[in-house]
Amino acid sequence: MALGLQLGLAGGGGSSIDADAAAYLALLSAQGVAVTGAQSSAIDAFYVTGKDEGWYSALKRMYLPIWAAAGPNAIDMIGGTSGTYSGTVTHAAGYVQGNGSTGAFDSVTDMVTLGLTTSSASLFYGAYSVTSTTNSDFYAGAYKTSPTSYVGAFRFDSTGGDRYIGFINNASGAGTINSSLGPLGVNVITRTDTGSYGVYKNGDVTVGTTSFAAAVPPLSAMFMARSFNGSSNSNSDGKMYCFGVGLGLSATEAKSLANATQTLWETTTGLSLP
């Protein structure tokens, strides 16, 4: 699948593009990505939607790894910095895929430094396929063992179910959300108070909510793996197409972000979930 021929910095009829969208497009161009006018319009629409619906200001890091190369796939859409890929990662047209043992993406800046707190934190990602092993491989996460602070999501059983961990101070399984929905689509883990968190997906889906005491790992979030005290482990081989970290989002905002991100991926790649 070709991902573009020309960079279009204006919408139909020469209308202006959102400034943050233009900045991201310029960074892609500097990495040699040829973005089509249709892709530019989809990216612009994502930023405009986020600002109109109130969730864009909560985003601290977001990556759209669809460009078939590590450089552009590492660009943060919010601040223009770059994360880091390590190990064996396939950079395909429309997604990235780890190898299940070494491949990972590190968002670099620890979440406390980014401003996440026990009453305002979110982690989100898009999954295009289920990791192939039966248990414990992470789509995203960070775990600090002492004092315990944990966030993430991993494949939980042989049927492809998932376990979500929402910025909690426990590693025993208490306070987690188990789901049989599977990982496909955009998943948003969000906490807006110290006593509970929720998980939401595109399609206006509420995966679940639960009560548990909050904690934010003083680590950078990793994707296609989890950060375990700063090093990647529990690596997965699922195909993924977005990574992100932010402040807390309401249920409405989380679903809007998930829907907008799913639309962005489908529109820019021509792909859809199986």
Participant: Sort out for me which residue in S220, S227, S86, S231 forms a side chain to side chain donor-acceptor pair (under 3.5 Å) with D106.
Facilitator: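 That would be S220.
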Participant: Would you say the side-chain atoms of E266 pair up with the backbone N or O of S272, donor to acceptor, closer than 3.5 Å?
Facilitator: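 No, because the side chain of E266 does not come within donor-acceptor range (under 3.5 Å) of the backbone of S272.
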Participant: According to a 4.5 Å side-chain heavy-atom criterion applied to Ile, Leu, Val, Met, Phe, Trp and Tyr, with indirect links allowed, do I78 and V188 form part of one hydrophobic cluster?
Facilitator: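 Yes.
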Participant: Any chance the side chains of T206 and K255 put a donor and an acceptor closer than 3.5 Å?
Facilitator: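 Side chains of T206 and K255: pair found under 3.5 Å.
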Participant: May I ask you to decide if G246's main-chain N or O and S122's side chain share a donor-acceptor pair within less than 3.5 Å?
Facilitator: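 Checking the backbone N and O of G246 against the side chain of S122, a donor-acceptor pair under 3.5 Å is found.
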Participant: Is the backbone N or O of T117 less than 3.5 Å from a side-chain atom of S120, with the two atoms forming a donor-acceptor pair by type?
Facilitator: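 No, because the side chain of S120 does not come within donor-acceptor range (under 3.5 Å) of the backbone of T117.
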Participant: Could you tell me if the ring centre of Y197 sits under 6.0 Å from that of F212?
Facilitator: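 So the answer is no for these two rings.
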Participant: With a 6.0 Å cut-off on the ring centroids, do F223 and Y125 count as close?
Facilitator: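 Between F223 and Y125, the centre distance exceeds or equals 6.0 Å.
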Participant: Looking at side-chain heavy atoms only, is the closest gap between P65 and Y85 below 4.5 Å?
Facilitator: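 Yes - at least one pair of side-chain heavy atoms lies under 4.5 Å apart.
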Participant: Do R226 and I165 make a side-chain contact, defined as non-hydrogen atoms from C-beta onward lying under 4.5 Å apart?
Facilitator: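 No, side chains not in contact.
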Participant: Hey, any chance F154 and M111 share a hydrophobic cluster, counting ILVMFWY side chains that come within less than 4.5 Å of each other, even indirectly?
Facilitator: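 Same cluster: F154 reaches M111 through Ile, Leu, Val, Met, Phe, Trp or Tyr contacts under 4.5 Å.
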Participant: Report the distance from atom CZ of F105 to atom CE of M222, rounding to the nearest 0.5 Å.
Facilitator: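 Reported value, rounded in 0.5 Å steps: 10.5 Å.
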Participant: Please check if the side chain of D162 supplies one atom and the backbone of S179 the other of a donor-acceptor pair under 3.5 Å.
Facilitator: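 Not confirmed, D162 side chain does not pair with S179 backbone.
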Participant: Take the angle between the ring planes of Y241 and W265 and call it parallel below 30°, perpendicular above 60°, tilted in between.
Facilitator: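 Parallel, since the angle between the ring planes stays under 30°.
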Participant: In terms of relative ring orientation, are Y63 and F243 parallel, tilted or perpendicular, with 30° and 60° separating the classes?
Facilitator: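 Because their plane-to-plane angle lies in the 30° to 60° range, the rings of Y63 and F243 count as tilted.
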Participant: Between CZ of R191 and OG1 of T209, what distance do you get to the nearest 0.5 Å?
Facilitator: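 Output value for this atom pair is 11.5 Å.
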Participant: Got a second to check how far L249's CG is from L257's CG, nearest 0.5 Å?
Facilitator: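 It is 6.0 Å, given to the nearest 0.5 Å.
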Participant: Run N259 and D204 through side chain to side chain donor-acceptor pair (under 3.5 Å) and show every step you take.
Facilitator: CA-CA 7 Å; N259 289 335; D204 301 311; 3.0 Å; yes
Participant: Does the N229 side chain pair with the main chain of T145, one donor and one acceptor, at a distance under 3.5 Å?
Facilitator: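 Here the side-chain-to-backbone pair exists.
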Participant: Without hydrogens or angle criteria, can the side chains of R155 and S236 be said to hold a donor-acceptor pair below 3.5 Å?
Facilitator: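 The criterion, which ignores hydrogens and geometry beyond distance, is not satisfied for S236 and R155.
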Participant: Is the backbone of T36 close enough, under 3.5 Å, to the side chain of S40 for a donor and an acceptor to pair up by distance?
Facilitator: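 Yes.
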Participant: Is there a donor-acceptor pair closer than 3.5 Å between any side-chain N or O of Y95 and the backbone N or O of G126?
Facilitator: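 Pair absent, no side-chain N/O of Y95 close to backbone of G126.
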Participant: Hydrophobic clusters here meaning ILVMFWY residues chained together by side-chain heavy-atom distances under 4.5 Å, can you tell me if V48 and L64 are in one?
Facilitator: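 In one cluster with V48: L64, no.
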Participant: Taking K201 for the side chain and L184 for the main chain, is one N or O donor matched with an acceptor at less than 3.5 Å?
Facilitator: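 Checked: pair present.
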Participant: Can you find a pair of side-chain heavy atoms, one from L123 and one from Y164, that are under 4.5 Å apart?
Facilitator: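 They are not in contact (no side-chain heavy atoms under 4.5 Å apart), so the answer is no.
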Participant: Checking S29 side chain against L25 main chain: does a donor-acceptor pair fall under 3.5 Å?
Facilitator: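 A pair under 3.5 Å: no.
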Participant: Side-chain heavy atoms nearer than 4.5 Å, only ILVMFWY residues, links allowed to pass through others: does that put V199 and V216 together?
Facilitator: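 Yes.
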Participant: With rounding to the nearest 0.5 Å, note down the distance linking OG1 in T267 to CD in Q262.
Facilitator: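 Between atom OG1 of T267 and atom CD of Q262 there are 9.5 Å.
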Participant: For T210 and I177, indicate whether the former's side chain and the latter's backbone hold a donor-acceptor pair under 3.5 Å.
Facilitator: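 Not a single qualifying donor-acceptor pair exists.
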Participant: Would V89 and V108 show up in the same hydrophobic cluster when neighbours are defined by side-chain heavy atoms closer than 4.5 Å?
Facilitator: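 Cluster IDs for V89 and V108 differ.
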